[in-house]
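By convention in this document, chain letters (A, B, ...) are assigned in the order of the sequence lines, proteins followed by strands, and residues within each chain are numbered from 1.
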2 protein chains.
Amino acid sequence: MKFEPIKTEKVYEKVIEQIKDMIYNGELRRGDKLPSERALKKQLNVSRASIREAFSALEMIGLIESRPGRGTFIKEQADKNLLEPLSLVLLLEDDVASELLEVRKVIETDCVRMAAKRIDDEELEFLRSVLKKMKSKSGFEDESIELDRDFHYSVARAAKNKVLFYLMTSIMDAMDFHIKYTRTKLVSKEETMNEFTIHHEKIFKAIESGDSEKAIEEMNNHLKYVEKLINREIEG
Amino acid sequence: MKFEPIKTEKVYEKVIEQIKDMIYNGELRRGDKLPSERALKKQLNVSRASIREAFSALEMIGLIESRPGRGTFIKEQADKNLLEPLSLVLLLEDDVASELLEVRKVIETDCVRMAAKRIDDEELEFLRSVLKKMKSKSGFEDESIELDRDFHYSVARAAKNKVLFYLMTSIMDAMDFHIKYTRTKLVSKEETMNEFTIHHEKIFKAIESGDSEKAIEEMNNHLKYVEKLINREIEG
DNA sequence: TAATATATGATGGTCTGACCATCATCTCTC
DNA sequence: GAGAGATGATGGTCAGACCATCATATATTA
């Protein structure tokens, strides 16, 4: 005998299901306005509370956005921290920092390989400008972190694969969350930043010349260096 | 002049923030019971509706689980479809199927490389049993899909990196969602399944002998084959 | 006494109705 | 015609109610 598990789907889950379907069918697109909560309440014959529970869940994952007085809309652009949920769940895992770094290594290796093949002039120019700023302004914590992030994100973007880009940014975010204190300490050292800048330049040169293998090598060097610093910081 | 954006954080977001902090501080762990909605309502001095909006969001991302009559708990095990949110947001993107496949290729390549180095006897035995079943039972749609999934998931698990495993399963889920009809068609052909089984065996042998390079090669062959099938199916 | 049946209370799930702040729009006034 | 003010729609929040489910305590029964 085989019993089917009885799933008592909650009302707000059914609401989500319907919205999901509408997106899947193309009835809802980026920037579209959803019916108002009160309108949906009538259409779906449920309470406004259930609608709002569905909306808050969808807002959390970055699919929709509610603007008071205006309405609720499908997000125009996916957030950077699209996978903040992932970071949260990772909080429950032990020993996740080292795993994150390992994943970042493999993902970013892929990014840089693809970027070397696919980057266009505009993105090259942007990377160049980031590098320039890095060289001139070493020292200020916040800005240094921003520039470092810019560099790596831009490389990921140049890989021309949105899914990979999402993953990459999410991993970075999750790492930041897990080692935030460590990271700040690291990047605030001028010596470290100088070393970073040298690495970044090497990576950039390899990408610029379309040399995937070289780019991978330089990226691996860089990330090994990062790993070493993090471990030294954590353990010592 | 630089203005700070005024963020009017909603109540339910503040609730989430507090729970997040408690997890970060280790006050909440796997399986722990959260205070009841009515208790939280008093403690945080907000309405039950706001608590429930927060909970539904956290439940959506797989962090908590509400059991009627019992209470609300931090999830014991992270769901497989941890990144269903990702799948949803990807629905808004165009041309995402090919990108997903590309990402799956790079992720799974990494998985198989690491698996070849880290797999233990138990997992080897499980993979063996999956292969055995595949050989004996080719034909039934649902079961074939299950076995295929089992194989790839097990390889990912053997890589001994939970984050990578989450990503891998999520990519697979997202792919399934985007090409579900195609997938069913593919796997239902006996010829395809036989080919798959041969590929899987080669991959398994490479992993078994700890040969990363060989494993990567065989996995790439397999995924190229999959890609070819999908494109043929999609394009006509 | 021990097993069973029942009642109680706590919990999540849902609904209703209300009030507020924000925003777009219409309308009135000058 | 331009600006000011009123109006209505919208999301944000709250309070209170009722239900089904479940664990526990209590009462009943063998």
Original post:
Atom NZ of Lys14(A) to atom C1' of dT14(C): distance rounded to whole Å?
Top reply: 12 Å
Original post:
What does Lys41(B) touch in the nucleic acid at a heavy-atom separation under 4.0 angstrom: a base, only the sugar-phosphate, or nothing?
Top reply: sugar-phosphate
Original post:
What integer distance in Å separates Leu40(A):CG from dC15(C):P?
Top reply: 13 Å
**OP:** Could you tell me the separation between the CD atom of Glu59(B) and the C1' atom of dT11(C), rounded to a whole number of Å?
**Re:** 14 Å
**OP:** Tell me, please, which residues at least two apart from Arg157(A) pass salt bridge (charged side-chain N to carboxylate O under 4.0 Å, His left out).
**Re:** none
Original post:
Is any side-chain nitrogen or oxygen of Ser36(B) closer than 4.0 Å to OP1 or OP2 of dT11(C)?
Top reply: yes
Original post:
Do any of residues 42-57 of chain B sit with a heavy atom less than 4.0 Å from DNA chain C, and if so which?
Top reply: Arg48(B), Arg52(B)
**OP:** Provide, to the nearest angstrom, the distance between the OH atom belonging to Tyr12(B) and the C1' atom belonging to dC14(D).
**Re:** 17 Å
Original post:
Ion pair present between Glu102(B) and Arg104(B), side-chain N to carboxylate O less than 4.0 angstrom?
Top reply: no
Original post:
Nearest-Å distance, NZ (Lys10(A)) to P (dC15(C))?
Top reply: 14 Å
Original post:
Hey, does the side chain of Ser66(A) come within less than 4.0 Å of dG11(D)'s phosphate (OP1/OP2), counting only N and O?
Top reply: no
Original post:
Rounded to whole angstrom units, what separation is found between the NZ atom of Lys33(B) and the C1' atom of dT11(C)?
Top reply: 7 Å
Original post:
So, for Glu59(A) and Ser66(A), which heavy atoms are closest and what is the spacing to 0.1 Å?
Top reply: OE2-N, 3.3 Å
Original post:
For Ile16(A) and dG13(C), what is the distance between atoms CD1 and C1' respectively, to the nearest whole Å?
Top reply: 15 Å
Original post:
Are Gln18(A) and Leu44(A) close enough that some pair of their side-chain heavy atoms sits under 4.5 Å apart?
Top reply: yes
**OP:** With heavy atoms under 4.0 Å as the rule, sort Arg38(B) into base, sugar-phosphate or nothing.
**Re:** base
Original post:
So, Glu99(B) versus Tyr166(A): side-chain donor-acceptor pair below 3.5 Å or not?
Top reply: no
Subject >> Sequence neighbours excluded, every pair satisfying salt bridge (charged side-chain N to carboxylate O under 4.0 Å, His left out) that has a member inside residues 21-30 of chain B >> reply: Glu93(A)-Arg30(B)
Subject >> Salt bridge Glu65(B)-Lys75(B), side-chain N to carboxylate O under 4.0 Å >> reply: no
Original post:
Quick one: Arg70(A) CZ to dT25(C) C1', roughly how many Å, whole number?
Top reply: 13 Å
